[in-house]
Q: 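Shown below is the structure under consideration.
We name chains A, B, ... by the order of the sequence lines, and we start the count at 1 in each one.
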Protein chains: 2
Amino acid sequence: MTGLRERKKQHTRESLVRAAYELFVEKGYDATTVDEIVAAVDVSQRTFFRYFASKEEVAFSLQALVTERYLEAVRSRPPGESPVELLRSTLDETWESIGEAIEEVVPLTLYMRMWQIIETTPALLAVQLRHAAGMEEQLAAEVARREGVDPDADPRPRVLVAAFSGVMRAAFRCWSSGEDITVEAAQQAVESYVDQLGPALSRDWERHPAPRTPPLPG
Amino acid sequence: MTGLRERKKQHTRESLVRAAYELFVEKGYDATTVDEIVAAVDVSQRTFFRYFASKEEVAFSLQALVTERYLEAVRSRPPGESPVELLRSTLDETWESIGEAIEEVVPLTLYMRMWQIIETTPALLAVQLRHAAGMEEQLAAEVARREGVDPDADPRPRVLVAAFSGVMRAAFRCWSSGEDITVEAAQQAVESYVDQLGPALSRDWERHPAPRTPPLPG
DNA sequence: TGTCAATTGTCAGCGGCTGTCATTAGCCTC
DNA sequence: GAGGCTAATGACAGCCGCTGACAATTGACA
């Protein structure tokens with residue numbers, strides 16, 4: 001087992017995350033002061049900034065966990081899938097795993113509300129988009145590696161990942177602005193949006209709106 | 001003609017933009033202080049914040065102009081084009097117009113260097129991505145209007161725009177990290193990336209890397 | 001137990017940003 | 001052209017995010 005010092009550190013860190021999340025959800029991100037967060041955990045402000053480089057960072061400590069999991073899952077996927085299938089099926093595979101990982105730190109409902117706050121707070125939204133862009137980089141690199149192409153010479157990995165991520169973001173945005181803030185609803189939104197990618201790019205859209213629950217492929 | 005007061009205001013505003021751009025390009029965004037900007041124009045710091053809500057905003061005063069132009073061009077496009085064609089051909093159409101509009105305020109090379117700074121400064125990159133997301137919203141709304149679908153019920157407009165914007169962003173990123181920082185190079189990068197969208201989504205990628213200058217459709 | 005190193009608290013200070021209020025300067029009327 | 005009116009500016013104080021530096025504390029380990 002790890003030493004006392006190590007455990008204490010992890011404890012303060014998690015306490016700070018929890019306190020921050022609760023305050024952000026309760027009174028909003030901008031209205032929450034770092035002083036208030038550290039007061040709730042009873043540490044000095046200086047200590048906070050030794051754990052987190054900025055007030056924003058604490059808000060994304062769990063988001064980082066999520067993207068890390070997804071990337072790992074993509075990397076450990078068996079070969080043989082086409083790039084689109086890779087991204088799509090990894091999504092299917094990792095939903096529960098990610099949900100469980102989150103709940104080890106904070107309740108899932110709190111995390112969901114935090115996501116809403118991120119989407120509605122301009123400063124946080126901006127940072128989230130930047131993080132997503134960072135993940136795109138790594139995803140594109142992995143796709144290129146799998147397909148044996150040079151990611152700097154062949155635009156297709158980046159193009160695919162960019163399109164895929166864009167669609168995912170649109171889906172999350174739709175989900176987080178809706179009423180059903182559950183993992184299942186998120187999963188539903190993302191998958192239905194992804195399935196619309198092909199039709200949306202087709203030359204002529206049929207006049208009738210696409211069904212909310214699109215037909216399953218195959 | 002406008003009064004003296006109005007002209008003075010516009011003058012200070014443009015002076016602030018120019019001074020800011022030059023300082024940002026010269027010593028970097030983070031290393032540039034608002035105090036330095038206002039010192040170069042000889043106004044008080046308070047005045048700066050009456051013109052721009054934040055230090056970031058002055059860096060994007062021209063970006064706003066660009067997206068505005070593109071949106072207008074999309075809106076004034078004749079009907080009959082498919083959604084993808086709409087976005088693609090508006091792009092072709094507006095390159096020079098936008099370039100000219102920029103040069104009325106600052107030299108194009110300065111603007112290009114500023115773009116590089118935005119892409120390489122985390123704080124600015126984040127804000128730019130947020131602005132892009134805002135434009136996506138409006139683009140999706142326009143696409144939905146043209147196709148006569150409900151943007152809240154039919155995910156295709158958002159999906160298409162998300163994919164298209166993601167690809168554009170990837171192209172700009174590639175361009176801004178390269179050596180040829182000209183409008184033509186940007187145009188070239190964007191159009192070749194957009195043309196790779198279909199191939200990238202196809203089930204099986206051919207093993208050979210796609211050509212940098214892809215074959216024209218049709 | 002005593003030494004060493006890691007962690008923390010305290011303090012001073014910078015830079016972004018805002019509210020407030022007095023001052024200046026363009027506008028408009030007589 | 002002198003007057004009042006209003007918009008724009010400057011000056012000041014102050015909050016908040018964030019950092020460097022140094023001293024105090026506390027776990028680790030011989």
Q: Give me the bend of the helix from dT1(C)-dA30(D) to dC30(C)-dG1(D), using the axes of the five pairs at each end, rounded to 10°.
A: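 The two end axes of the helix from dT1(C)-dA30(D) to dC30(C)-dG1(D) meet at 10°.
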Q: Using atom types as modelled and distance alone, determine if a side-chain donor or acceptor of Thr94(A) lies under 3.5 Å from a backbone N or O of Ser97(A).
A: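 Between the backbone of Ser97(A) and the side chain of Thr94(A) there is no qualifying donor-acceptor contact (under 3.5 Å).
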Q: Take the protein atom CZ of Phe49(B) and the nucleotide atom C1' of dA11(D), then report the distance between them rounded to whole Å.
A: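 Between C1' of dA11(D) and CZ of Phe49(B): 16 Å.
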Q: Counting N and O atoms only, with roles assigned by atom type, does the side chain of Glu36(A) sit under 3.5 Å from a partner on the main chain of Thr33(A), one being a donor and the other an acceptor?
A: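 Yes, Glu36(A) side chain to Thr33(A) backbone: donor-acceptor pair under 3.5 Å.
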Q: With a 3.5 Å distance limit and no angle check, can you tell me whether Thr12(A) reaches the backbone of Lys9(A) through a side-chain donor-acceptor pair?
A: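 Flag set: sc Thr12(A) to bb Lys9(A) pair under 3.5 Å.
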Q: Is there a donor-acceptor pair closer than 3.5 Å between any side-chain N or O of Tyr29(A) and the backbone N or O of Thr120(A)?
A: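 Pair absent, no side-chain N/O of Tyr29(A) close to backbone of Thr120(A).
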Q: Using a cut-off of 4.0 Å between protein heavy atoms and nucleotide atoms, how would you tag nucleotides 5-12 of chain C 5' to 3' with B, S and -?
A: BSSBBB--
Q: Quick one: does any side-chain atom of Arg18(B) pair with a main-chain N or O of Val105(B) as donor and acceptor, under 3.5 Å?
A: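 Yes; at least one donor-acceptor contact below 3.5 Å.
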Q: Is there a salt bridge (Lys or Arg N to Asp or Glu O under 4.0 Å) between Arg156(A) and Glu147(A) once you walk through the steps?
A: CA-CA 10 Å; Arg156(A) 285 176 299 174; Glu147(A) 296 295 316; over 6 Å; no
Q: Per the ring-ring contact (aromatic ring centres under 6.0 Å, His included) rule, what does the pair list look like for residues 39-61 of chain A, sequence neighbours excluded?
A: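 Applying ring-ring contact (aromatic ring centres under 6.0 Å, His included) to every pair that reaches into residues 39-61 of chain A, excluding sequence neighbours, yields Phe48(A)-Phe52(A), Phe60(A)-His131(A).
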Q: Rounded to the nearest angstrom, tell me the gap between atom CZ in Arg7(B) and atom P in dA8(D).
A: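 Going from CZ in Arg7(B) over to P in dA8(D) covers 15 Å.
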Q: For DNA chain D, which residues in residues 15-40 of chain A have a heavy atom at a distance below 4.0 Å?
A: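 Going residue by residue through residues 15-40 of chain A, the ones with a heavy atom under 4.0 Å of DNA chain D turn out to be Thr32(A), Thr33(A), Val34(A).
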Q: How long is the line joining CG of Leu4(B) and P of dA7(D), in whole Å?
A: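 Distance check: Leu4(B) CG to dA7(D) P gives 16 Å.
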Q: Under the ring pair (Phe, Tyr, Trp, His ring centres under 6.0 Å) test, which residues partner Trp115(A), sequence neighbours left out?
A: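 Per chain and number, Trp115(A) pairs via ring pair (Phe, Tyr, Trp, His ring centres under 6.0 Å) with Phe172(A), Trp175(A).
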Q: How would you list all residue pairs meeting salt bridge (charged side-chain N to carboxylate O under 4.0 Å, His left out) that involve residues 98-127 of chain A, not counting sequence neighbours?
A: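 Sorted pair list: Glu119(A)-Arg173(A).
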Q: Give a yes or no answer on whether the side chain of Ser165(A) reaches the backbone of Ala162(A) with a donor-acceptor pair at less than 3.5 Å.
A: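 Absent.
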